[in-house]
Amino acid sequence: MECESWLLLSATLAVSLLSYLAAILRRRPAAARRRPPGPRPLPLIGNLLDLRGGNLHHTLARLARAHGAPVMRLDLGLAAAVVISSRDAAAEAFTRHDRLLAARAVPDATRALGFSERSMVWMPSSNPRWKALRGVVAAHVFSPRSLAAARGAREWKARDLVDYLRGRAGEVVAVGEAVYGGVLNLVSSAVCSVDAVDVGAESAQGLREAVEDLVELVAKPNVSDLFPFLRWFDLQGRRRHAARQIEKVFRVLDGIIDRRLAEAKTSMAKQQQGGDFLGTLLELVSMDKITREDVTTILFDVFTAGSDTIAITVEWAMAELLRNPSAMAKLLSEIKATIGGKEIVEEADAANMPYLHAVMKEAMRLHPVAPILLPHQAVEDGVEIGGYAVPKGTTVIFNAWAIMRDPAAWERPDEFVPERFLDGAAVRVDFRGKDYEFIPFGSGRRMCPGVPMAERVVPLILASLLHAFEWRLPDGVPAGKLDVSEKFTTANVMAVPLKAVPVVIS
């Protein structure tokens, strides 16, 4: 038995060495002068040790500065990666090579249950199914008409969140947890006409933990990604673990779908079937345009991408406002002038508050939820960025956090200054991915399709919370000492979750 184990280990090491040498030989045709600069890789493991400790987006930015490299190369095991860290390099990549960089570097954990072959997030943009499913979402969830139709549901759920917090007025509240439950129900009500969870209850955090665990599995270093020839073995069990988390989330979503199908047997439900996005999806299933499996996967993509992004952005914005009393006072003055004596905030009100939108943009610029976006992959040779070759198969990482703090694009880039989006050139900067110094949602073909939803919901919730309550930090926490350090695991969250006291305004 001991001899067999030794032979297996020796064979694995031999195959690893041969694969490493083969990878070097494959890379040799590219001229050495065109290889992007970066830290010197070690044999076999490449630059993995250079990425130890701290937040990944901070580490990548530090390495890029150390090597004077807005376009930097890293070797991650046998996989090659290029990191983009400046506005100009990002602009070149997206304007000249968007099509060639529109594939995804697919982490092995997402292959569990065939998920990467079903999800819009991971399918290549050249796949006809990706185009079809993305078209369904664009036309029936995030189109102006669909968003207008669901406006009442979003406003109602924003009021539910306020009511939940009103019941805890005067108490210390974990802002992020409360907002997440409210946003999850806002999205599920707008999309499916049902509440997914009870705000603040364990069901909300349980679902969030399942999603976060899944995303963390994707983000963690995995030997199957670093050494693809070992993928079959799933040595760290990441794919098996991911399968359990995917099943857990799918059970919640399938329960919503099954209840809708059961209700559809009544004549009233049939009349209401097409009244929301889920109804539209089920109609498309009946017309054989998509499958029942597609419905679950689309809901998964919409729920997981939308809820976390919105909730985390609201928490960051609240933290920066509490840390900057002058910005808070300016925003409260705008809200009061716009809302007047009304008890509730409507989307139309929030849309007419320029400083509110400037606060949202500045929170996203300083603390993007996805600081390195989702990695792209070069699908063909011929990509050149900053004069450096990016060979086919290379993973391309856009460090959005570094790009949006690029001193060549922003004055005082590390400070919270919402006014920058009201004056000067930045006033024209929006979320569409064409202003490459501001790409919280990415750019090009793989840009997040949920931008129109976030543009409406973040201001609505933020204005609703500030209109209903005076927010105070817990006793003993001065505004200037509020900890806004970051922790990047599944998303870029606050290292110390925000706790604050909502006080009802008399």
Side-chain angles (χ1 to χ4, degrees), residues 55 157-188 195-216 249 252 303-304 306-325 328 331 359-360 363-364 366-369 416 454 457-505:
N55 292 311
K157 290 302 154 186
R159 291 196 292 273
D160 278 356
L161 174 59
V162 169
D163 289 342
Y164 166 78
L165 291 169
R166 187 172 283 119
R168 286 148 184 81
E171 302 174 7
V172 176
V173 172
V175 176
E177 290 185 8
V179 171
Y180 179 80
V183 170
L184 188 59
N185 280 343
L186 184 151
V187 173
S188 65
D195 285 352
V197 296
D198 295 328
V199 177
E202 290 185 5
S203 57
Q205 299 313 311
L207 183 59
R208 186 181 198 181
E209 288 169 3
V211 173
E212 286 185 346
D213 194 19
L214 177 59
V215 180
E216 188 171 1
V249 179
V252 175
F303 273 52
T304 55
S307 302
D308 239 13
T309 301
I310 292 169
I312 294 171
T313 299
V314 170
E315 184 178 12
W316 275 120
M318 288 286 291
E320 288 290 0
L321 287 168
L322 286 167
R323 188 168 176 259
N324 294 272
M328 175 72 89
L331 180 53
V359 166
M360 171 179 63
M364 289 184 175
L366 272 182
H367 310 288
V369 176
F416 181 75
V457 175
V458 172
L460 172 64
I461 293 179
L462 195 54
S464 296
L465 296 180
L466 296 176
H467 178 59
F469 307 103
E470 176 189 345
W471 290 86
R472 301 173 184 171
L473 291 171
D475 290 341
V477 181
K481 297 296 183 180
L482 178 62
D483 189 348
V484 291
S485 56
E486 298 175 336
K487 177 184 177 183
F488 177 44
T489 53
T490 61
N492 191 27
V493 300
M494 297 187 68
V496 180
L498 177 64
K499 293 186 177 181
V501 180
V503 177
V504 176
I505 299 175

- Side chain to side chain, Tyr180 and Leu184, heavy atoms closer than 4.5 Å: yes

- Item | Distance (rounded to the nearest 0.5 Å) between Met328 CE and Glu470 CD | 9.0 Å

- Item | Which atom of Gly182 lies closest to which atom of Leu161, heavy atoms considered | CA-CD1, 4.4 Å

- Message: Just so I know, are the side chains of Pro497 and Glu315 near enough to count as touching, which here means a heavy-atom distance under 4.5 Å?
- Response: yes

- Query: Can you name the nearest heavy-atom pair linking Ala319 to Val484, along with the distance?
  - Reply: CB-CG1, 4.3 Å

- Query: Counting N and O atoms only, with roles assigned by atom type, does the side chain of Asn324 sit under 3.5 Å from a partner on the main chain of Phe416, one being a donor and the other an acceptor?
  - Reply: no

- Here the gap from Met494 atom CE to Glu486 atom CD, rounded to the nearest 0.5 Å, amounts to 9.5 Å

- Query: Is any side-chain heavy atom of Pro502 less than 4.5 Å from a side-chain heavy atom of Val173?
  - Reply: yes

- Message: Counting C-beta onward and ignoring hydrogens, is there a side-chain heavy-atom pair between Ile461 and Val183 closer than 4.5 Å?
- Response: yes

- Item | Atom pair CG/CZ of Leu186 and Arg159 - distance to nearest 0.5 Å | 11.0 Å

- Taking every heavy atom of Ser464 against every heavy atom of Ala158, the minimum-distance pair comes out as OG-CB, 4.1 Å

- Closest heavy-atom pair, Asn185 versus Lys157, reported as atoms and distance to 0.1 Å, is O-CG, 3.8 Å

- So do the side chains of Leu482 and Leu498 get within less than 4.5 Å of each other, counting heavy atoms only? yes

- Hey, what do you get for CG (Asp308) to OG1 (Thr313), rounding to the nearest 0.5 Å? 9.5 Å

- Message: Nearest 0.5 Å, please: how far is CG in Leu331 from NE2 in His467?
- Response: 12.5 Å

- Taking it one step at a time, do Met318 and Leu466 satisfy side chain to side chain contact (heavy atoms under 4.5 Å, CB included)? CA-CA 9 Å; Met318 288 286 291; Leu466 296 176; 3.9 Å; yes

- Query: What are the two closest non-hydrogen atoms of Ile312 and Ala491, and how far apart are they?
  - Reply: CD1-CB, 3.7 Å

- Message: Would the distance check show the side chain of Trp316 and the main-chain N or O of Val369 forming a donor-acceptor pair, the cut-off being under 3.5 Å?
- Response: no

- Note on the structure: Between the CE atom in Met360 and the CD1 atom in Ile310, the distance rounded to the nearest 0.5 Å is 10.5 Å

- Item | Main-chain N/O of Leu465 paired with Trp471 side-chain donor or acceptor, under 3.5 Å | yes

- Query: Which atom pair, heavy atoms only, marks the closest approach of Val359 to Ala317?
  - Reply: CG1-CB, 4.4 Å

